[in-house]
Amino acid sequence: MDLPDKFLKPYDHTQTEDSLYKKWEESGYLNPDNSPESDKTFSIVLPPPNVTGTLHIGHALGLSIEDIMVRYHRMKGFKTLWVPGTDHASIATQTKVEKELSKKGIRRQDLSREEFISHIEEFAQASHDTIANQVRKMGASVDWSREAYTLDEKRSLAVRTAFKKMYDDGLIYQGDRIINWDPKGQTTISDDEIVYQEEKTKFYYFKYGPFTIGTARPETKFGDKYVVMHPDDARYKEYTHGQKISLEWINGPMEATIIKDENIDMEFGTGVMTITPWHSAVDFEMAERHGLDKEQIIDQYGKLLPIAEEFAGMKISEAREKIIEKLREKGLLVKEEDYTHNIATAERTGATIEPQIMKQWFVAVNKPFKMGESHIEGIATGQEVTLKQLMRHVVERELVSIHPLNRYERVYYSWIDNLKDWNISRQIVFGHRIPIWYKGDELYCGVEAPTGDGWEQDTDTLDTWFSSGTWTFSTLGWPENTKDLEMYHPTSMLETGHDIIFFWVARMILMSTYCIGQIPFENVYFHGLVRDKQGRKMSKSLGNIVDPLDIIKEYGTDALRMSLIVGNGPGNDLNFSDDKVRAYKKFANKLWNISRFILENIGSLDIKKPETLTQNDQSYLDEFEAFSKDVDTDMKNYRYYLASEKLYAYIWHTFADIIIEAKKEALAGGGADSQSAQYMLLTIFKKSCALLHPFMPFITEEIWQSIKSGSDKDLIVHTWPIAE
RNA sequence: GGGCGAUUAGCUCAGUUGGUAGAGCAGUUCGUUUACACCGAAAAGGUCAGGGGUUCAAGUCCCUUAUCGCCCACCA
């Protein structure tokens, strides 16, 4: 055969990848509406990347695994849909833009709400464009015609509809409860957005009437008028619950009430503590139990209120030393010790969280409601359930299967069991406005604004996970009853990083089971974290961040994908090194040269199966058949890390090193043996390219264009070698 | 405090349901026998963290110890 010129040079990915992607995209292959009818569907939503910047190597890993799943099913003849999109990531994006603006000397306070939002939107749009380009660069075969954004009009409608439904069912309520206040971001955050950091500090013991109490936070103690101890503590048995005692405290004499509570740890400190219900979640609960007064000590900027008298208006850090000094002078300081504990900080701003009691919106996770139309096995329509029960049920019954299960099952359950009502309101501007309107004392909840004058919408926005929770079904058209929703929901698979199991996976299960009575996905596949060569987390401060685009430029997308996939089992972290990528770049070149050899040695691409194959060739074909089935089994069981490794080993070290070498003589000799060998080699190689296509889509498609017969379709939609 | 994971060749890691250890990189020797030097051939390298148990058979299952890592909770 005549050899196309391109095979005379080593493989050059820069000449092929972009144009192949363009071809796939323009061909319509990525939209399942254009694919042949089938009763089997495979659907998956792209975990929408945050529009806070660019994609990192972790995204590249996710995209690679997802694309393998998608291409595999597409070739197997499933109606295959992969919905792309991006996430507005309210708090993360707003924080980021705020920082960018301040670098330019623009302060947020100087902007109106609308101006600020428009800056954020501009940034979000630019990020979106970058991300969309990177998704293409990775070869991800998503259906761009269905692209979604968590803050676009359709998703916005879904969010308001979900909110209204929950509100009408009594699952969303407004209440004065203790929340996590971020004094820097000036917003509440959820429990999951807290990061604990170790802090070395002093632990003080103060005389409090007849007791000695311990605290690390003297500045909150002004209003403490309840002193708590365990009912079984023999040291304090002379005191009774409710007893009043007079004592001298920071700003003079006061009266305190004794409370007995079983939640006190008798071993810790002196076994006696005073409580500050306004600024501690534990104290708040205790106060609720006993019906105690609560008083605010610290304001939303972290400054002391008038109750602190001479200290009023001071920042916590400033006041602490002065308060201790005063207590020491009054002879109330007993002793101080060094103390190490964990303090709660806000994930985004790094500020120390100040618990506060504030009026916020919550989703009640423990409140029973009547289930709507249910398609969930074991949950009947109209049955009384709680959101927590729904979230637990679908995993317990394995309606949603987690891979790897054992590693995340307990984590998931324990999170659910400890889950408190979900605080969904945020005091930030970028996001979905809460669909509540006020007029005087009236309150209106609706999908659309109420008619009539004088209504003002709540200025808070929703926790970003409220909208991403609807992602699987809002992207398919809900609340409209669309064909997509009917065909592709529940989705087949959710592939994501294990770090967002609570944030996102659990919230999607909550939203989907509640809103539409369906599980959001049948399977969850967790990938691990991509670390640097030495196993360290990639971070800006270490300067070890790898940009996928740099790797792609140097080694090609196929090589990058293989290096991320081979040997990386679900849930495992992966150390990324150039060496591995380089190895798969060489593999790409190996494939290139195999193509060249075969093309040089066969008579025609439409070669027919000879009447008789040599026994040797037949046995190679039989072995290959068994190998293909093995690979297919791995694919079915999500063992991409094994399938890819086996393909690499087979193609290089069996097909090229042994089979091709063994056939050189027969090919040179001509005649029947040569015909047999030609057929065998071309057959195995074509099928090998097909098996490898999900992993290395570009080079396999590029080679395919030169080795396919006239009747073959493009490889992306070619039939998988092993039938379902 | 609770949970999970890791410990296999110099380095980075595979090893799917138990059947006498594999890859990449590095290193050794040889090869310009024309698909490929982004290559080929050959050899070298591991008491599979320690201990105990189950089994005809264990890197693989069970118990235990040690070291490292991650997640969750958190005490005033």
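From a predicted model like this one, the values you see are computed outputs, not experimental measurements. The sequence lines fix the lettering, A, B, ..., with proteins before strands; numbering per chain opens at 1.
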*Under the side-chain contact (heavy atoms from CB on, under 4.5 Å) rule, collect the residues that match up with A:F655, sequence neighbours excluded.*
A:I594, A:I598, A:Y650, A:I659, A:I660, A:L681, A:I684, A:F685
*Among side-chain atoms of A:W415 and A:D192, is any donor-acceptor pair under 3.5 angstrom?*
yes
*asked:* Could you check whether A:R217 pairs with A:E354 (Lys NZ or Arg NE/NH1/NH2 to Asp/Glu carboxylate O, under 4.0 Å)?
replied: yes
*Measure from the side-chain heavy atoms of A:A583 and tell me the nearest of B:rG24, B:rA14, B:rG5.*
B:rG24
*Does the pair A:E288/A:K294 count as a salt bridge with the N-to-O cut at 4.0 Å?*
yes
*Proximal nucleotide (of B:rA35, B:rC38, B:rA23) relative to the A:E645 side chain*: B:rA23
*Tell whether A:E661 reaches the base of B:rA41 with its side chain through a donor-acceptor pair below 3.5 angstrom.*
no
*Please work out if A:N568 contacts a base, only the sugar-phosphate, or nothing of the nucleic acid, heavy-atom cut-off 4.0 Å.*
nothing
_Any side-chain donor near an acceptor of the partner, A:N572 and A:R407, under 3.5 Å_ = yes
*hbond_proxy A:N589 side chain to B:rC36 base (donor-acceptor, 3.5 Å cutoff)*: no
_Closest to side chain of A:N593, choosing from B:rC70, B:rA76, B:rC36_ = B:rC36
*For RNA chain B, stems built from three or more consecutive Watson-Crick or G-U wobble pairs below 3.5 Å*: B:1-7 with B:66-72, B:10-13 with B:22-25, B:28-31 with B:39-42, B:49-53 with B:61-65
*Report the nucleotide, chosen from B:rC4, B:rA14, B:rA76, that has the shortest atom-to-atom distance to any side-chain atom of A:Y641.*
B:rA14
